[in-house]
Number of protein chains: 2
Amino acid sequence: MWMAKMPGSGAGGEDKPGEVDRGELEHTLRRVVQRVGRPRTATAFLEESLRSAIVAGDIPGGTALRQEAVAEIFGVSRMPVREAIRQLEAQGLVEFQPHKGAVVAAISARDAADNWAIRKALECAALEYSIPGLTEQDIMRGEEGIAEMDDETDFSRLGLLNRRFHMTLYARAQFPGMLQLIEKHLIASDRYIRFQLAALGRDKMAQDDHRAILTAAGKGDAGRACRLLASHIEDAGRRLVAWLKTREG
Amino acid sequence: MWMAKMPGSGAGGEDKPGEVDRGELEHTLRRVVQRVGRPRTATAFLEESLRSAIVAGDIPGGTALRQEAVAEIFGVSRMPVREAIRQLEAQGLVEFQPHKGAVVAAISARDAADNWAIRKALECAALEYSIPGLTEQDIMRGEEGIAEMDDETDFSRLGLLNRRFHMTLYARAQFPGMLQLIEKHLIASDRYIRFQLAALGRDKMAQDDHRAILTAAGKGDAGRACRLLASHIEDAGRRLVAWLKTREG
DNA sequence: CAATCACATATTGGATCCAATGTACATGTG
DNA sequence: CACATGTACATTGGATCCAATATGTGATTG
């Protein structure tokens with residue numbers, strides 16, 4: 001059984017400068033293992049775990065993912081690690097170079113700008129498609145989501161709640177692939193949001209935006225709702241990118 | 001062996017600009033080979049080949065991709081096949097089930113509607129970002145592209161030219177990730193366009209659309225260009241989806 | 001002394017083998 | 001006869017081994 005022999009083998013923690021701290025990576029990954037549970041294949045399990053750890057910021061950008069190290073930590077061979085890393089590369093979470101290996105994609109102002117521009121385009125379109133189909137129940141769920149966010153103090157859950165709120169707005173759009181693409185980019189933006197939250201604290205204005213958007217959507221006023229959503233995303237993106245640029249420079 | 005080795009590839013490979021005469025030949029050779037698309041790894045080679053074959057319609061939707069069979073055809077082991085299939089799955093070109101295998105994603109009206117909705121949202125946004133930066137040279141290149149499409153009779157090249165034309169329109173948007181996403185969906189839509197072309201023949205109206213969009217973009221009239229592009233994509237999508245639905249039902 | 005080359009080492013890419021899983025078909029039982 | 005079960009086969013998942021490639025270090029040579 002591939003998960004049985006987790007502990008024991010990799011205890012010797014040698015930390016060379018400029019490389020991954022094996023002990024720390026091992027520790028965080030083990031925590032993630034608990035959270036994710038065990039799916040049908042080792043590859044899927046690794047993919048879930050690594051993605052979760054990356055978007056949660058547990059593995060910082062720039063970290064090299066050595067196949068052998070990851071394999072030992074999870075108690076599997078290098079092969080499922082390779083396949084999982086391939087998948088993560090296609091999802092843009094790691095950068096990969098043949099014969100050199102994979103590193104966790106670094107957080108950058110450029111990527112953030114990209115992500116927010118894409119989100120703005122897709123989410124506004126999805127909202128427009130979704131509004132005619134929104135039910136009162138959807139609106140109620142949105143209000144509950146906003147209230148939950150008001151009460152939430154844990155930054156890591158805040159990202160999840162924010163994502164869920166946005167997705168409820170678009171839930172009635174007829175395009176499942178579009179929704180999947182949006183969710184993927186919302187997950188990616190979680191990394192950035194959490195980064196900013198940790199440094200600047202939470203942003204009260206976002207909640208006002210959320211309320212206004214939901215109200216407009218509830219009235220079926222697609223034009224107003226889309227304009228509000230556009231500036232909601234654009235403002236957040238602009239603030240984030242500006243802050244990241246000061247950090248980079 | 002599945003590919004020829006590069007001559008002299010073992011050397012240090014540092015390219016010093018200026019006087020070093022020796023390494024220049026090697027360097028230029030390497031660049032040429034790279035532009036032509038020399039695959040660095042078997043996995044990359046398989047991914048390219050399979051994607052090209054799927055997009056071109058050489059492998060029809062629904063076809064099961066047996067790892068062993070593909071491996072034999074390409075003269076490699078199953079492992080690079082597995083990794084390539086993983087990548088294709090992440091790109092949405094094949095559907096994958098654990099322990100069952102991969103099948104080429106089927107063409108469906110539903111997926112087409114999804115693809116066109118996503119493209120409309122993303123391409124309109126990209127055009128708006130790009131227009132302020134468009135140069136006269138870009139416009140000229142667009143005109144050349146339109147002319148090339150007028151003359152082209154080969155359907156498979158027509159898709160490439162159409163894609164290139166669209167991408168020139170968006171080339172000046174500062175969001176590389178957005179452009180990459182658009183190109184990915186343009187490639188996916190090639191499958192559908194080719195399908196339709198083969199059945200219905202080519203669509204003359206699209207060329208009029210292209211000219212009108214390019215003219216508006218050349219004048220810097222972003223509003224008009226975006227409206228035209230939106231209806232260009234929407235019309236084509238609607239016609240395609242309607243046609244696919246009659247085929248399915 | 002600088003540049004280059006040769007060699008050692010670490011890491012990934014690919015091949016082959018074995019195990020696990022799913023499917024099809026035959027067989028037994030109500 | 002319908003349905004459950006067991007078994008054989010096909011196919012994929014994972015482990016281990018070997019080969020190819022990149023990188024770092026020290027010797028050599030001009």
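- In this structure, CD of B/Glu47 is placed 12 Å from P of C/dG14, rounded to the nearest angstrom.
- Spacing between atom CZ of A/Arg86 and atom P of C/dG14 amounts to 7 Å, rounded to whole angstrom units.
- Residue A/Arg110 qualifies as open at atom CZ: its count of foreign heavy atoms under 6.0 Å is 12 or below.
- When only modelled atom types and interatomic distance are considered, B/Gln91 and B/Arg51 share a side-chain donor-acceptor pair under 3.5 Å.
- By the neighbour-count criterion of 12 heavy atoms within 6.0 Å, atom CD of A/Gln174 is sparsely surrounded, having that number or fewer from other residues, nucleotides or ligands.
- In this structure, B/Arg40 places its CZ atom 24 Å from P of D/dA19, rounding to the nearest Å.
- Between the P atom of C/dG13 and the CD atom of B/Gln87 lies a distance of 11 Å, rounded to the nearest Å.
- For B/Thr41 and C/dT12, the shortest distance from a side-chain N or O to OP1 or OP2 is not below 4.0 Å.
- In this structure, A/Met79 atom CE and D/dT12 atom C1' are separated by 12 Å, rounded to whole Å.
- Atom CZ in A/Arg66 sits about 19 Å away from atom P in D/dT21, given to the nearest Å.
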Please lay out, stage by stage, how B/Tyr170 and B/Glu123 fare under the test side chain to side chain donor-acceptor pair (under 3.5 Å). CA-CA 8 Å; B/Tyr170 321 135; B/Glu123 294 188 41; 2.3 Å; yes
Begin with the C-alpha distance, continue with both residues' side-chain angles, and end with the deciding distance and a verdict on side chain to side chain donor-acceptor pair (under 3.5 Å) for B/Gln67 and B/Arg78. CA-CA 6 Å; B/Gln67 297 176 359; B/Arg78 267 176 47 216; 3.1 Å; yes
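- In terms of phosphate contacts, A/Lys100 brings no side-chain nitrogen or oxygen within less than 4.0 Å of OP1 or OP2 of C/dT11.
- One can place CD of B/Glu68 at 13 Å from C1' of C/dC17, the figure rounded to the nearest angstrom.
- The nearest heavy atom of DNA chain D to A/Ser77 and to A/Pro98 marks one nucleotide each, and the one closer to the 5' end goes with A/Ser77.
- Rounded to whole Å, atom P of C/dT12 lies 15 Å from atom CD of A/Glu83.
- The B/His99 side chain lies nearest to C/dT21 when the options are D/dA22, D/dG14, C/dT21.
- In the interface, the side chain of B/Arg78 is not paired with the base of C/dG14 through any donor and acceptor atom under 3.5 Å apart.
- Residue A/Arg82 places a side-chain atom within donor-acceptor reach of the base of C/dG14, judged by atom type and a 3.5 Å distance cut-off alone.
- For B/Gln67, whose side chain is taken as the heavy atoms from C-beta onward, the closest listed nucleotide among C/dA15, D/dA15, D/dG13 is D/dG13.
- Within 4.0 Å (heavy atoms only), B/Leu65 reaches sugar-phosphate atoms of the nucleic acid but no base atom.
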